[in-house]
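A short write-up of the structure that comes next.
Naming: A, B, ... by sequence-line order, numbering from 1 per chain.
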There are 2 protein chains.
Amino acid sequence: MVLNTYCKEDKVLLAVDCIIFGFYQEELKILVVKRDFEPAMGEWSLIGGFLKQKENLNDAASRILKRLTGLNNIYMEQVHSYSKVDRDPKERTISVSYFALIDIAHHCKDLLKENPIKWFNLKDMPSLIFDHNKMVKDAITLLRNRITNKPVGFELLPEKFTMRQLQKMYEAILDTELDKRNFINKFNSFDLLRKLNEKDMSSSKKGAFLFKFDEDKYQKKLEEGFCFKI
Amino acid sequence: MVLNTYCKEDKVLLAVDCIIFGFYQEELKILVVKRDFEPAMGEWSLIGGFLKQKENLNDAASRILKRLTGLNNIYMEQVHSYSKVDRDPKERTISVSYFALIDIAHHCKDLLKENPIKWFNLKDMPSLIFDHNKMVKDAITLLRNRITNKPVGFELLPEKFTMRQLQKMYEAILDTELDKRNFINKFNSFDLLRKLNEKDMSSSKKGAFLFKFDEDKYQKKLEEGFCFKI
DNA sequence: TCAAAAGTGTTTGTGATACACCCATGG
DNA sequence: CCATGGGTGTATCACAAACACTTTTGA
């Protein structure tokens, strides 16, 4: 039976671990850190921290992301809580994981200079400490699910992007190949992109038109019952 | 920066709250309890408890469900963690929610005798304490998602059930009406049900054939790449 | 002039949806 | 004999998938 007071209940450490995704050169990437403290010093780990008494989990995740990237307003979602009794060999710790989406190209320039932090292609990611590999796996599962029913993929791209970039981003996350014409037709049918009078000349001689995601239009469509579905 | 030792970090109370779903007389139901301790004594609440030092979250949820229903092996899934600083007015508490699926008819007979515990039709559920209403909402969203891509609905039904019961269960969870023939055709195409030589005579003069879900066949199909999708 | 990426519509197939009548039986 | 729920098949539609050629231009 639950006691009439809470004070006899056990308290635990609550950690937040972030699975930070990026997209660059047609590859889905993940940001990990070499731990500079025990236990497991020198091994690769997700970026994390502990929940403070006066903040909620979202705030903690935002704080950790800000500390690492310098960015505010990063798109993130809670994924799952991990609680195996001996998951952290040092002390009983429960961890709540978040995934985050970052536009590598435009923001995190200084980031890579810091020594112990590194972007890996998801495919080449080294083994991580504790249950962090499982956290990554679960986060990818959620991310795959999410990008098919919510237009969050744009968080990984610069504000202006080409259709090819958009498609390659979906392909990288879903780990599949998509038909160029079907993909464009589908996206055009949503009527959520604004074609700009600008071209990206970096990847071809002809140049590729740049597009912007129209957030306002999306919100308006949502209210009218629109349902994003790739 | 994360410190070189954990011992200066804040510890918190970690609760587990269960959204217990049942299905009876064509209605989706939820089990709640009248709190017999402060704060919020006398108000309706989800069934919960605190995580102990030596158990993981799944074990805690199982323990809470066992205490309440006497049942082991209840189907459940973690939903989300709730961490607003003042969500519990008495003391900082983070809560991890689980949904659980119970076959009301065959099991929880003694349950209803206990005074402060009650099944409500989801539609008629009273307002709950703290952020428990939000927890219920999130759990339903997950449940709706889950029954469309995994055959978990059977957990709400007796071992033997009629096609009508199965359909009404889906209708109750999805809060929609389904076409009888399309529903049966779809389910038959999966080839996951075993038709028994028994009829349920309780709801009509003609009687309706009973079916069983074939778990082994489902597992075999899964390995062959089958994907359940309603 | 050629290599490399950009851009563009139509056909086909599959799965979702809509739909109506006969059957069996207890009262 | 009739009221009630049980059981069954087909036609249509909409969306997903497959598919190939022309354009542009820098090297």
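- Remark: A/Arg194 engages no residue in a side-chain hydrogen bond (donor to acceptor under 3.5 Å, both in side chains) (not counting sequence neighbours).
- Two residues are said to be in side-chain contact when any heavy atoms from C-beta on lie closer than 4.5 Å; A/Leu193 and A/Leu166 meet this criterion.
- Of the two residues contacting DNA chain C, namely A/Asn182 and A/Ser204, the nearest-nucleotide position lying further toward the 5' end is that of A/Ser204.
- A/Asn133 places a side-chain N or O within 3.5 Å of a backbone atom of A/Leu128 that can act as its donor or acceptor partner.
- The separation between A/Asp179 atom CG and C/dT8 atom C1' is 12 Å, rounded to whole Å.
- The salt bridge (Lys or Arg N to Asp or Glu O under 4.0 Å) pairs that include a residue from residues 166-186 of chain A are A/Lys168-A/Glu171, where partners are two or more places apart or lie in different chains.
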For residues 23-34 of chain A, please give each side-chain donor-acceptor pair under 3.5 Å, one per line with the distance, not counting sequence neighbours.
{"residue": "A/Glu26", "atom": "OE2", "partner": "A/Arg164", "partner atom": "NE", "Å": "3.4"}
{"residue": "A/Glu26", "atom": "OE2", "partner": "A/Arg164", "partner atom": "NH2", "Å": "3.3"}
{"residue": "A/Lys29", "atom": "NZ", "partner": "A/Asn121", "partner atom": "OD1", "Å": "2.5"}

For a side chain to side chain contact (heavy atoms under 4.5 Å, CB included) check, start with the C-alpha distance between B/Ile20 and B/Leu68, then their side-chain angles and the critical distance, and finish with the verdict.
CA-CA 10 Å; B/Ile20 304 178; B/Leu68 207 89; 4.2 Å; yes
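- The nearest whole Å value for the distance from the CZ atom in B/Arg181 to the P atom in C/dA16 is 17 Å.
- A salt bridge (Lys or Arg N to Asp or Glu O under 4.0 Å) check over residues 131-157 of chain A, counting only residues at least two apart or in different chains, returns the pairs A/Glu77-A/Arg146, A/Arg87-A/Asp131, A/Lys134-A/Asp138.
- Remark: B/Phe120 pairs with B/Trp44 by the ring-ring contact (aromatic ring centres under 6.0 Å, His included) rule, at least two apart or across chains.
- Between the C1' atom of C/dG26 and the NZ atom of B/Lys206 lies a distance of 14 Å, rounded to the nearest Å.
- Remark: A/Lys199 qualifies as a cation-pi partner of A/Phe209 under the 6.0 Å distance and 45° angle criteria applied to the six-membered ring.
- Here B/Ser45 pairs with nothing under the side-chain hydrogen bond (donor to acceptor under 3.5 Å, both in side chains) rule; sequence neighbours left out.
- Tested against A/Phe154 for a ring-ring contact (aromatic ring centres under 6.0 Å, His included), the candidates A/Tyr218, A/Tyr170, A/Phe228, A/Phe161 yield a single pass: A/Phe161.
- Within residues 221-230 of chain B, no residue has any heavy atom under 4.0 Å from DNA chain D.
- A heavy atom closer than 4.0 Å to some atom of DNA chain D occurs in B/Asn185, these being the qualifying members of residues 184-202 of chain B.
- Nucleotides of DNA chain D lying under 4.0 Å from heavy atoms of chain A occupy a range whose first and last members, 5' to 3', are D/dA16 to D/dG26.
- Residues B/Asp17 and B/Tyr82 bring no donor and acceptor atom of their side chains to less than 3.5 Å of each other.
- Each end of the helix from C/dT1-D/dA27 to C/dG27-D/dC1 gets its own rotation axis from five pairs of C1' atoms, and the angle between them is 10° to the nearest 10 degrees.
- A donor N or O paired with an acceptor N or O is not found under 3.5 Å between the base of C/dG27 and the side-chain atoms of B/Lys205.
- In the region residues 156-169 of chain A, proximity to DNA chain C at under 4.0 angstrom, judged on heavy atoms, holds for A/Arg164.
- Residue pairs meeting the side chain to side chain donor-acceptor pair (under 3.5 Å) criterion with at least one member in residues 219-230 of chain B, sequence neighbours excluded, are B/Glu215-B/Gln219.
- Looking at B/Leu192 and B/Asp214, their side chains never come closer than 4.5 Å, going by heavy atoms from C-beta outward.
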Intermediate values then yes/no, side chain to side chain contact (heavy atoms under 4.5 Å, CB included), B/Cys18 and B/Met76:
CA-CA 9 Å; B/Cys18 299; B/Met76 56 175 210; over 6 Å; no
